[in-house]
Participant: 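Take this structure first; my questions come after.
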Amino acid sequence: MGEQPIFSTRAHVFQIDPNTKKNWVPTSKHAVTVSYFYDSTRNVYRIISLDGSKAIINSTISPNMTFTKTSQKFGQWADSRANTVYGLGFSSEHHLSKFAEKFQEFKEAARLAKEKSQEKMELTSTPSQESAGGDIQSPLTPESINGTDDERTIPEVTQNSEPRAEPTQNALPFTHSSAINKHWEAELATLKGNNAKLTAALLESTANVKQWKQQLAAYQEEAERLHKRVSELECMSNQANAVQSHKSELNQKIQELETTLKKKEEEIERLKEEVEHAKDLQDQKDSLSQKLQEVETHNKEMEGQLSDFEQRLEKSQTEQDTFRNNLKTLLEILDGKIFELTELRDNLAKLIECS
């Protein structure tokens, strides 16, 4: 069947920085598929991940490996053959736990397969040692079993010879040795096949090392670009702080304007009381007219200031929407006050006419 995937998940792939041995270097720009593969021919488990056509993980699981969870969504393991440490960042803790369970499961399976292979080699080597130390006293040749060419060409038998010749004592060990030789020939063929696969894997790893070096250089350039981007973002953050400070100043000015409006309202109430109780309505009319003009002028100035504030607020960030709503509310209040002042002027005019 060859090598087949038995479990797959998605994660961000990292490798330890070979220089510092501390920092993680991303080997994939986005989450990629990470799979467990099982080779039934060699009885081997591997972790493989491809980013496009490049292999960014090619790690054979051995019994002495350990997968360590370093956080809720990150895990790592060391591969002594590749002389590196792999790290995986998952989207959730569940995916990390599932991958860790599979790692432990396949690690145990690799250990059992290794023990089984060692037992098989011990069992196959024991019969060969016993046959080597048996009762074989002379080397086995075709002549010792089947006879010489002269014996095979003589059809007659002597009077004292038996009708059927019994097998010699060396026939059984020779048969057993032939079986062992066939077994070792099969083992040798398997080892040759494995050697060819390992050679191909070594060539692939050599090519991958060159690709990884190029990829490392690209990642270093990407890191420098990100550092520059961070500096730009810090500058933007400082600008945002300046905007926030400007917003605070505008809020303070609005509070001052509200205080001024309250004072003007109090002054208008006082003027109403003076109108009701004043004896000289003409003087009050002149005074009130002048004050109304001042209030209208001041209101116009305030409207101009508010228009300027609106233009400034339009340039602010979307976070100042609440501030805009408050300013609109303030404009409505001002319109109401202007309307009230207009009514007050009309009432004063009526009072003057009546007097």
Participant: Does E269 have any side chain to side chain contact (heavy atoms under 4.5 Å, CB included) partners at least two apart in sequence or in another chain, and if so, which?
Facilitator: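 In terms of side chain to side chain contact (heavy atoms under 4.5 Å, CB included), with neighbours along the sequence ignored, E269 is linked to K272.
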Participant: Please examine the side chains of V32 and I57, heavy atoms only from C-beta on, and report whether any two atoms are closer than 4.5 Å.
Facilitator: no
Participant: My understanding is that only one of V44, D39, N43 makes a side-chain contact (heavy atoms from CB on, under 4.5 Å) with T41; could you say which?
Facilitator: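 Exactly one candidate clears the test, D39.
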Participant: Considering only distance and modelled atom types, tabulate donor-acceptor pairs under 3.5 Å from the side chains of residues 108-115, sequence neighbours left out.
Facilitator:
{"from": "E108", "atom 1": "OE1", "to": "R111", "atom 2": "NE", "distance (Å)": "3.3"}
{"from": "E108", "atom 1": "OE2", "to": "R111", "atom 2": "NE", "distance (Å)": "3.2"}
{"from": "E108", "atom 1": "OE2", "to": "R111", "atom 2": "NH2", "distance (Å)": "2.1"}
{"from": "R111", "atom 1": "NH1", "to": "E115", "atom 2": "OE1", "distance (Å)": "3.4"}
{"from": "R111", "atom 1": "NH1", "to": "E115", "atom 2": "OE2", "distance (Å)": "2.6"}

Participant: Treating Ile, Leu, Val, Met, Phe, Trp and Tyr as nodes and any side-chain heavy-atom pair under 4.5 angstrom as an edge, say whether L88 and I6 lie in one connected cluster.
Facilitator: yes
Participant: Provide the closest heavy-atom pair for S97 versus K69 in the form atom of the first, atom of the second, distance.
Facilitator: OG-NZ, 3.4 Å
Participant: Side-chain donor-acceptor pairs under 3.5 Å in residues 246-255, sequence neighbours left out?
Facilitator:
{"from": "S248", "atom 1": "OG", "to": "Q244", "atom 2": "O", "distance (Å)": "3.1"}
{"from": "N251", "atom 1": "ND2", "to": "K247", "atom 2": "O", "distance (Å)": "3.2"}

Participant: Under the ring-ring contact (aromatic ring centres under 6.0 Å, His included) rule, what pairs show up with a residue in residues 40-66, not counting sequence neighbours?
Facilitator: Y38-Y45, Y45-F106
Participant: Scan H95, Q72, K98 and name whichever one has a side-chain contact (heavy atoms from CB on, under 4.5 Å) with F90.
Facilitator: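 For F90, the side-chain contact (heavy atoms from CB on, under 4.5 Å) check succeeds only for H95.
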Participant: Give the minimum heavy-atom separation between W77 and M65, together with the two atoms involved.
Facilitator: CD1-SD, 4.1 Å
Participant: Rounded to the nearest 0.5 Å, what separates atom CG in L327 from atom CD in E332?
Facilitator: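 If we round to the nearest 0.5 Å, L327:CG and E332:CD are 10.5 Å apart.
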Participant: Is any side-chain heavy atom of F67 less than 4.5 Å from a side-chain heavy atom of K107?
Facilitator: no
Participant: Measuring from L306:CG to K328:NZ, what's the distance to the nearest 0.5 Å?
Facilitator: 13.5 Å
Participant: Once side chain to side chain contact (heavy atoms under 4.5 Å, CB included) is applied, do any residues pair with K291, and if so which ones, sequence neighbours excluded?
Facilitator: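 With sequence neighbours excluded, K291 shows a side chain to side chain contact (heavy atoms under 4.5 Å, CB included) to E267, R270, L271, S287, given in chain and number order.
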Participant: Does the side chain of K337 come within less than 4.5 Å of I268's, by heavy atoms?
Facilitator: no
Participant: If you compare all heavy atoms of A78 against all heavy atoms of V85, which two are closest, and at what distance to 0.1 Å?
Facilitator: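 Heavy-atom minimum between the residues: CB-CG2, 4.1 Å.
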Participant: Does a side-chain heavy-atom distance below 4.5 Å link E303 with I338?
Facilitator: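 With C-beta onward as the side chain, the pair touches.
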Participant: Quick check: do M302 and L330 have side-chain heavy atoms less than 4.5 Å from each other?
Facilitator: no
Participant: Under 3.5 Å, which donor-acceptor pairs do the side chains of residues 12-21 form with other protein atoms, sequence neighbours left out?
Facilitator:
{"from": "Q15", "atom 1": "NE2", "to": "I56", "atom 2": "O", "distance (Å)": "3.4"}
{"from": "D17", "atom 1": "OD1", "to": "N19", "atom 2": "N", "distance (Å)": "3.0"}
{"from": "T20", "atom 1": "OG1", "to": "K22", "atom 2": "N", "distance (Å)": "3.3"}
{"from": "T20", "atom 1": "OG1", "to": "N23", "atom 2": "N", "distance (Å)": "3.4"}

Participant: Taking side-chain hydrogen bond (donor to acceptor under 3.5 Å, both in side chains) as the definition, give me every residue that meets it alongside T68, ordered by chain and number, with sequence neighbours left out.
Facilitator: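 Here no residue qualifies.
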Participant: Salt bridge check: are K102 and E105 linked by an N-O gap of less than 4.0 Å?
Facilitator: yes
Participant: Can you name the side chain to side chain contact (heavy atoms under 4.5 Å, CB included) partners of S307, sequence neighbours left out?
Facilitator: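 In terms of side chain to side chain contact (heavy atoms under 4.5 Å, CB included), with neighbours along the sequence ignored, S307 is linked to no residue.
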Participant: Which value, rounded to the nearest 0.5 Å, describes the distance between Y36 atom OH and F99 atom CZ?
Facilitator: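 Separation between the atoms: 3.5 Å.
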Participant: For R229, check side chain to side chain contact (heavy atoms under 4.5 Å, CB included) against everything at least two apart and list the hits.
Facilitator: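 Side chain to side chain contact (heavy atoms under 4.5 Å, CB included) list for R229, sorted by chain: E232, L233.
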Participant: For residues 46-54, please give each side-chain donor-acceptor pair under 3.5 Å, one per line with the distance, not counting sequence neighbours.
Facilitator:
{"from": "R46", "atom 1": "NE", "to": "E3", "atom 2": "OE2", "distance (Å)": "2.9"}
{"from": "R46", "atom 1": "NH1", "to": "N58", "atom 2": "OD1", "distance (Å)": "2.7"}
{"from": "R46", "atom 1": "NH2", "to": "E3", "atom 2": "OE1", "distance (Å)": "2.8"}
{"from": "R46", "atom 1": "NH2", "to": "E3", "atom 2": "OE2", "distance (Å)": "3.2"}
{"from": "S49", "atom 1": "OG", "to": "T33", "atom 2": "O", "distance (Å)": "2.9"}

Participant: Under the rule for ring pair (Phe, Tyr, Trp, His ring centres under 6.0 Å), what residues qualify as partners of F309, not counting sequence neighbours?
Facilitator: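 Ring pair (Phe, Tyr, Trp, His ring centres under 6.0 Å) check on F309 returns nothing, list empty.
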Participant: Could you pull out all donor-acceptor pairs under 3.5 Å where a side-chain atom in residues 344-352 meets a protein atom, sequence neighbours excluded?
Facilitator:
{"from": "R345", "atom 1": "NH1", "to": "E296", "atom 2": "OE2", "distance (Å)": "3.2"}
{"from": "N347", "atom 1": "ND2", "to": "E343", "atom 2": "O", "distance (Å)": "3.2"}

Participant: Quick check for you: to the nearest 0.5 Å, what is the distance between S59 atom OG and F37 atom CZ?
Facilitator: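 The CZ atom of F37 is 13.5 Å from OG of S59, to the nearest 0.5 Å.
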Participant: Run the side-chain contact (heavy atoms from CB on, under 4.5 Å) check on T322 and N326 step by step: do they pass?
Facilitator: CA-CA 6 Å; T322 304; N326 293 333; 4.1 Å; yes
